[in-house]
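Notes for the one structure printed next.
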Protein chains: 2
Amino acid sequence: MRTGTEITKRSRGRPRGFSTEEVLEKVRGVFLAKGFTGASLDELAAAAGLNRPSLYAAFGDKEQLYIATLRFYGTKSIEGLDAILAGPGTIQQRLARVYSAAIDLYTAPPHRPGCMIVGTAAVESPTYPKIAAAAAELLAAIEKSLERAFAASDLPARPTPSARARMAGAIMYAIAIRARLGAKASDLKTFANSMVPTICA
Amino acid sequence: MRTGTEITKRSRGRPRGFSTEEVLEKVRGVFLAKGFTGASLDELAAAAGLNRPSLYAAFGDKEQLYIATLRFYGTKSIEGLDAILAGPGTIQQRLARVYSAAIDLYTAPPHRPGCMIVGTAAVESPTYPKIAAAAAELLAAIEKSLERAFAASDLPARPTPSARARMAGAIMYAIAIRARLGAKASDLKTFANSMVPTICA
DNA sequence: TTGGTTTTGTGCGATACGGTACAGAAATAC
DNA sequence: GTATTTCTGTACCGTATCGCACAAAACCAA
């Protein structure tokens with residue numbers, strides 16, 4: 001918890017020329033396209049609009065910057081997920097909306113990036129345990145969010161909400177993979193729509 | 001098809017001190033653990049037991065070596081998949097056997113590597129289109145294999161065999177992701193077993 | 001104004017990387 | 001035996017990489 005952007009205003013020295021969130025947002029694009037290992041600090045700094053030493057001073061090394069970006073991305077995504085699931089309509093309609101929104105993000109031009117967790121964090125897991133832990137934590141949070149929605153729905157008690165959540169999550173991860181490998185958005189939407197009734201059976 | 005290991009025996013000059021398949025098998029371990037970008041030619045050559053120039057002469061650059069490894073891995077995997085699906089038992093039993101075998105491979109020590117396509121090829125897709133194409137081709141072949149098995153089963157005509165295959169594939173990819181992020185084999189097997197009746201409903 | 005404090009940006013250094021040239025070694029063809 | 005062809009291994013090149021020193025700049029407190 002070292003946010004220190006809003007509250008901590010009494011900075012003694014020269015103030016920063018950037019906001020942490022803005023930097024993470026810009027850097028995310030590079031990490032999402034190239035992955036953690038494939039993204040160079042030069043590219044990251046250029047995308048963020050600042051120099052390597054500034055990046056380094058603000059976030060530590062590349063791994064910490066990546067994890068901060070991943071957490072930022074994940075938190076935002078889960079907020080979006082919660083928002084859709086808290087919206088109107090049947091659980092089927094809300095789940096379909098979740099998939100539709102995810103597919104739009106996953107297949108966004110020009111890179112069809114898929115999901116940052118599934119598409120870039122997974123590959124680094126054996127080498128960087130901290131990345132693996134952060135990614136696993138985020139996937140768990142995603143499934144918790146889904147589980148809450150299923151538990152609050154009027155679906156039959158079996159399968160359990162957590163089993164439904166694991167299944168719904170699995171479908172989402174598979175969509176992310178196929179998007180990154182080039183699948184068309186329309187095919188993914190057809191697939192997602194065909195899965196919603198099964199998940200909610 | 002440039003096998004040239006068994007048939008082509010009339011090599012004019014000095015014979016190779018290695019077999020293509022052996023090298024691909026050894027190199028696969030490095031690519032699987034580190035990914036394409038993360039694996040260095042030094043590591044790959046050391047794992048293969050030969051020097052960089054020999055690797056380079058035999059396979060071209062790193063990308064070609066990776067794609068050859070991916071195709072080799074994928075072809076072997078699909079052969080194994082076909083073999084299990086052609087075995088005895090109900091389609092439910094055979095599908096459960098497929099997942100069980102996959103989970104054993106995906107959670108093998110020491111790295112819990114998951115699947116090479118899902119775990120390492122996906123991240124490179126935006127940067128290396130040829131890798132993306134090879135990976136997508138392999139996933140399509142996996143789903144074709146599953147589709148044949150469903151078509152030959154006595155399951156209801158709806159959902160269609162191809163829809164069942166996409167779903168079964170999606171569950172497999174999700175398992176691969178979660179394995180690489182550290183999920184326990186037992187949890188994955190529980191999940192897989194819970195999905196088999198749904199896929200075969 | 002003066003001193004203290006933090007950020008910025010240039011520039012550097014050490015290393016690791018992918019890829020290759022080149023000479024020697026091991027086999028076959030004649 | 002000699003020539004030819006192919007593979008092996010050392011040694012190397014240019015580049016890109018991560019990470020950091022260091023001085024100048026921008027701000028606050030007194």
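Note on naming: letters A, B, ... go to the chains in the order of the sequence lines (proteins, then strands), and numbering restarts at 1 for each one. Everything numeric in this text was worked out from a predicted model, so none of it was measured.
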What pair of heavy atoms forms the shortest contact from A:A168 to A:Y99, and how long is it?
O-OH, 2.7 Å

Determine the minimum heavy-atom distance between B:G87 and B:R94, stating which atoms define it.
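Residues B:G87 and B:R94, closest heavy atoms: O-CD, 3.3 Å.
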
Take the protein atom [atom1] of [X] and the nucleotide atom [atom2] of [N], then report the distance between them rounded to whole Å.
X: A:Q64; N: D:dC18; atom1: CD; atom2: P; result: 15 Å
X: B:L65; N: C:dG19; atom1: CG; atom2: P; result: 10 Å
X: A:D42; N: C:dG9; atom1: CG; atom2: P; result: 15 Å
X: B:K34; N: C:dA16; atom1: NZ; atom2: P; result: 12 Å
X: A:R16; N: C:dT6; atom1: CZ; atom2: P; result: 12 Å
X: B:F59; N: C:dG19; atom1: CZ; atom2: C1'; result: 17 Å
X: B:K62; N: D:dT15; atom1: NZ; atom2: C1'; result: 15 Å
X: B:N51; N: C:dA23; atom1: CG; atom2: P; result: 18 Å

Does B:Y56 put a side-chain nitrogen or oxygen below 4.0 Å from OP1 or OP2 of C:dG18?
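It does not, given that no N or O in the side chain of B:Y56 lies less than 4.0 Å from OP1 or OP2 of C:dG18.
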
D:dT8 phosphate, OP1 or OP2, under 4.0 Å from B:S54 side-chain N/O:
yes

Closest to the [X] side chain, choosing from [options]:
X: B:P53; options: C:dG9, D:dC18, D:dG9; result: D:dG9
X: A:R12; options: D:dC18, D:dA29, C:dC17; result: D:dA29
X: A:D61; options: D:dC27, C:dG18, D:dG19; result: D:dG19
X: A:S40; options: C:dC17, D:dT17, C:dG9; result: D:dT17
X: A:R14; options: D:dT8, D:dC18, C:dT8; result: C:dT8

Is there a donor and acceptor pair closer than 3.5 Å between the side chain of A:R52 and the base of D:dG19?
yes

Please work out if A:A45 contacts a base, only the sugar-phosphate, or nothing of the nucleic acid, heavy-atom cut-off 4.0 Å.
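Nothing, no heavy atom under 4.0 Å.
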
Among A:K26, A:K34, A:R52, A:K62, exactly one meets salt bridge (Lys or Arg N to Asp or Glu O under 4.0 Å) together with A:E43. Which residue is that?
A:K34

